[in-house]
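First comes the structure, then the notes that go with it.
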Amino acid sequence: MNARPNKDFFASAVAADRSPARVVLTNGLILADPSVCNVEPHYATVIEGDALTAVNAQEIQPGPGDHVLDCSGCLIAPGLVNAHTHAAMSLLRGVADDVALDRWLHEYIFPAEARFAGEYFVYLGTKLSAVEMALSGTTAFADGYFHMEHAARAAEEVGLRIVAAQGILDVPAPDAAQPGAWRRRVDAFLADCPRSPLVKPALFCHSPYLCSPETLKEAYTLAAENGVRLFCHVAETAWEATEILKRFSATPATHLHSLGLLGERFTAVHAVHLSEDEIDLLARSQASVVHCPECNMKLASGAAPVAELLRRGALVGLGSDGAASNNNLDLFEEMRTASLLAKLVNSDPTALDARAALKMATLDGARAIGLGSECGSLAEGKSADLIVVDFNQPHLTPVYDPASHLVFSAKGSDVRDVFVRGRQVVANRRVTTVDVDALLAEVRLLSAEIDRELRAKRART
Ligand SMILES: [Zn+2]
């Protein structure tokens, strides 16, 4: 049984963008370049169409017809980049907590997905997550799941950028019932994925333990032929490291390297249980890494050696992973946790400082998922993907170091305005692009159905 779609809701279209010709942001503070993280007094930043045509320019005066956004008491920053999630899983948030990854996957998540994760589930759950992410300052996300053309459509309707990575497993999946049917599914996805400047298609192999060497190699070849990225969970748990060693006489990252995967279009998600050699391998390779600290902590998977990966020059972005194993998509929390966890496990209060965490959540996250030339920093000619964070709050006053505030004190709910490709997706803490009340009503209907089924299943066992 797949979730039954509300046909009218499922068929909703991308609303027309009625953005004014020119938006001029004035006053406040600005952090334009996360590679240096300097915060400066802000004069004027101009959005024309989808691009930034001036960033912190002193000479700009707003004219008649301009939409002027006063940012007094606020900080303007690049939009946050969630470099790894499974957005539709917000519909399974809270279904199972406080269990280990293997039980969580095999006893709860895989059976629930097999039963419910049809096209409508993916569309609705991704739309819900895109709204949650927009409201907490995320402007781009990399998503790995099933029926990904519908995830792409949902993100586009909300107005966020998505790197939509179609899931690949050797075991039956919600959109490829027969083992090995993933190839047909990938072909259909690549043909049907919406053509939009907000959408980049990609592929997502679940893991080296659920994808054979042949599948991994074929997926990488397909990614190269189609000019798209390939994502994969790698070395998430100690069990995986032992299992891959048993099956292939190699550690997980070494195994993938031997298959030729650690190239510039490859992103390794988690990278928790790495040997010294694997840390070197990932740092030297063109591949990127995504750190998901809250999910790793919640499932007790371990702590990725992020400070060491960064010290050796690896490119590392930050991800929430799915809402069912986090249990929210707030990248502000993820930045704070990444920094605190690195300090704890290294017994070093200088490890992964606020600026390093900010860079991972913006520019390096964008680079890690193939969007570095478009977003992640604020510069003339780059896409206008930015957030305005309201510092007029008790927990953000006074301000001595704004970058520290962003990582250690701010929350997603402090984001006042969000622009993606020049379009204002959030205005004064409200989503402008979709009807959020109608969306929540649809989610409640579907979750009631899921809840009934899960209770009935538990009663039978
Ligand atoms: Zn994941």
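As a basis for the values below, the full set of heavy atoms in this structure was taken, side chains included, without hydrogen atoms, waters or symmetry mates. All residue numbers in this chain count up from 1 along the given sequence. Remember, it's 1-based here, ligands and their atoms both numbered in the order they're listed.
- At least one side-chain heavy atom of L31 sits less than 4.5 Å from a side-chain heavy atom of L406.
- Atoms OG and CE, on S320 and M133 in that order, are 6.5 Å from each other to the nearest 0.5 Å.
- With hydrogens and angles ignored, the 3.5 Å screen pairs no side-chain donor or acceptor of R229 with any backbone N or O of P201.
- Not one N, O or S atom of C295 sits under 2.8 Å from the Zn ion (ligand 1).
- Coordination check, H270 versus the Zn ion (ligand 1): failed, since every N/O/S atom of the residue sits at 2.8 Å or beyond.
- At a cut-off of 2.8 Å, C292 is not counted among the residues with an N, O or S atom near the Zn ion (ligand 1).
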Take S275 and D277, measure what side chain to side chain donor-acceptor pair (under 3.5 Å) needs, and give me the verdict at the end. CA-CA 5 Å; S275 66; D277 288 349; 5.2 Å; no
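- Nearest N/O/S atom of D321 relative to the Zn ion (ligand 1): this is OD1.
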